[in-house]
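Working notes for the structure below.
Quick note: residue numbers are just sequence positions, from 1. The structure presented is a predicted model; accordingly, all values stated were derived computationally and were not measured.
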Amino acid sequence: MKARAKCILLIEIFWAVGTVFEVLLAIFVMPTLGWRWLLILSALPLMLFAVLCFWLPESARYDVLSGNQEKALATLKRIATENGAPMPLGKLILSRQEDRGRIRDLFSPQFRCTTLLLWFIWFSNAFSYYGLVLLTTELFQAGDVCSISSRRKAVKPKCSLSCEYLTVEDYTDLLWTTLSEFPGVLVTLWIIDRLGRKKTMAICFFVFSLCALLLFLCVGRNVLTVLLFIARAFISGGFQAAYVYTPEVYPTATRALGLGTCSGMARVGALVTPFIAQVMLESSIYLTVLVYSGCCLLAALASCFLPIETKGRGLQESSHREWGQEMVGRGAHNSGVTPSNSGSQE
């Protein structure tokens with residue numbers, strides 16, 4: 001329980017490694033081989049993962065709730081062997097059998113508010129994160145927001161399929177802003193177990209919103225890079241905090257379903273954001289920046305309104321009755337409810 005947030009965030013460092021790898025790959029591939037080879041080479045790690053994923057163990061807790069005690073026990077024995085630790089004495093038992101999670105479970109009275117708020121938070125995360133990535137190249141090519149605004153007025157509309165390639169200086173600054181994901185993860189790692197998950201997400205969204213508003217100023221290239229660096233760091237940190245909070249807030253039966261639907265809403269945000277960062281940008285850079293700033297400000301409020309803080313809590317089992325009591329602020333220690341021990345050692 002104490003190491004869960006730390007472990008998830010340390011794993012997320014490899015997301016940052018991937019983003020840096022992609023920028024470095026583009027620096028060498030784009031000027032010579034073009035974007036098609038960039039896509040092909042970028043897909044190679046996915047092919048590698050498709051092979052390696054067969055070695056990933058299934059969750060023992062999930063197997064127990066699904067009625068596969070033998071498979072769960074085999075997974076635990078494998079983990080014990082790899083860690084050089086002995087298996088606990090006794091046998092694996094199932095306290096109660098519950099149905100697997102369904103979509104309607106996410107909208108039960110206990111989860112309805114949490115689900116809707118998390119969907120908006122995940123949407124805002126992906127919407128703002130990928131929007132910033134798209135805006136970064138535009139801002140670097142123009143110099144600042146004011147230059148983009150002037151250029152939009154000066155250039156007459158025309159039909160053209162030509163692309164403006166990034167310069168070496170553009171790629172260098174893009175690499176700097178991408179490297180910001182490392183301090184973003186480290187800052188999140190430092191505050192998430194001190195301030196809690198909700199406050200961490202709220203702070204990350206608020207700082208991003210503030211940096212987006214500061215882009216209205218006609219700042220130079222160096223200040224622009226710093227603002228983009230900070231904004232990228234905190235929106236990345238907010239994304240990682242959401243990855244920690246979401247699995248913790250749902251019980252085992254609906255955990256994968258809850259995380260999956262939230263990830264789906266994030267894909268919707270990533271799908272919509274090019275229409276803002278590219279299409280709306282042609283009409284008004286100020287309105288574009290305001291949309292991202294306002295969206296993250298609302299996401300910060302949504303983080304504060306989440307019904308429960310999960311810091312220091314164990315993963316919940318699939319008892320809806322116990323979870324429902326906890327969601328309204330009457331935890332097991334106050335209500336006299338005995339916590340579920342599904343998948344415990346006897």
Side-chain angles (χ1 to χ4, degrees), residues 1 4-5 7-9 11-12 53 56-69 71-72 75-76 92-126 192 196-198 200-201 238-269 299 302-303 305-332 335 337-344:
M1 186 192 311
R4 186 186 308 125
C7 289
I8 293 177
L9 289 172
I11 290 175
E12 293 298 332
C53 67
L56 287 174
E58 182 56 85
S59 166
R61 184 187 296 254
Y62 170 80
D63 283 333
V64 169
L65 285 175
S66 300
N68 298 322
Q69 288 92 339
K71 188 177 178 181
T75 299
L76 293 176
L92 200 63
I93 63 171
L94 182 65
S95 297
R96 62 172 67 90
Q97 182 68 40
E98 304 235 7
D99 295 332
R100 294 187 180 184
R102 295 161 293 185
I103 289 290
R104 66 182 183 184
D105 294 335
L106 300 178
F107 294 96
S108 63
Q110 298 93 339
F111 295 111
R112 186 182 301 117
C113 182
T114 299
T115 297
L116 293 176
L117 289 174
L118 279 177
W119 280 8
F120 179 70
I121 288 171
W122 279 74
F123 173 90
S124 301
N125 258 319
I192 196 167
R197 280 65 163 148
K198 293 166 52 177
T200 299
M201 288 189 288
F239 225 145
Q240 315 316 334
Y243 266 109
V244 174
Y245 179 86
T246 305
E248 291 179 337
V249 80
Y250 288 110
T252 301
T254 54
R255 183 171 299 126
L257 185 62
L259 184 60
T261 54
C262 286
S263 181
M265 290 303 297
R267 300 316 118 195
V268 174
S303 302
F305 283 115
L306 284 168
I308 194 168
E309 173 59 63
T310 61
K311 183 185 73 171
R313 292 160 37 88
L315 290 178
Q316 300 301 304
E317 297 294 348
S318 54
S319 172
H320 291 248
R321 176 172 173 268
E322 295 168 17
W323 186 246
Q325 290 176 341
E326 196 162 12
M327 288 290 283
V328 295
R330 293 174 290 146
S335 61
V337 178
T338 304
S340 169
N341 292 316
S342 298
S344 61

Any side-chain heavy-atom pair from [X] and [Y] closer than 4.5 angstrom?
X	Y	result
Val249	Phe111	no
Ile121	Ser124	no
Gln240	Ile192	no
Tyr245	Thr200	no
Thr261	Leu118	no

Fill in: Residue list, side chain to side chain contact (heavy atoms under 4.5 Å, CB included) with Leu116, at least two apart or on another chain
Phe107, Arg112
Side-chain donor/acceptor of [X] to backbone N/O of [Y], under 3.5 Å:
X	Y	value
Glu309	Lys198	yes
Ser108	Arg104	no
Thr246	Tyr243	no

Which heavy atom of [X] sits nearest to which heavy atom of [Y], and what is that distance?
X	Y	value
Pro307	Cys113	CG-SG, 4.2 Å
Gly258	Leu106	CA-CD2, 3.9 Å
Gly238	Met201	O-CG, 4.2 Å

Worksheet item: Thinking salt bridges, do Arg197 and Glu248 make one under a 4.0 Å N-O criterion?
Response: yes
Practice prompt. Using ring pair (Phe, Tyr, Trp, His ring centres under 6.0 Å) as the criterion, list what pairs up with Phe123, not counting sequence neighbours.
Written response: Phe127
Item to complete: Show the numbers, then the answer: is there a side chain to side chain donor-acceptor pair (under 3.5 Å) between Ser263 and Trp122?
Response: CA-CA 7 Å; Ser263 181; Trp122 279 74; over 6 Å; no
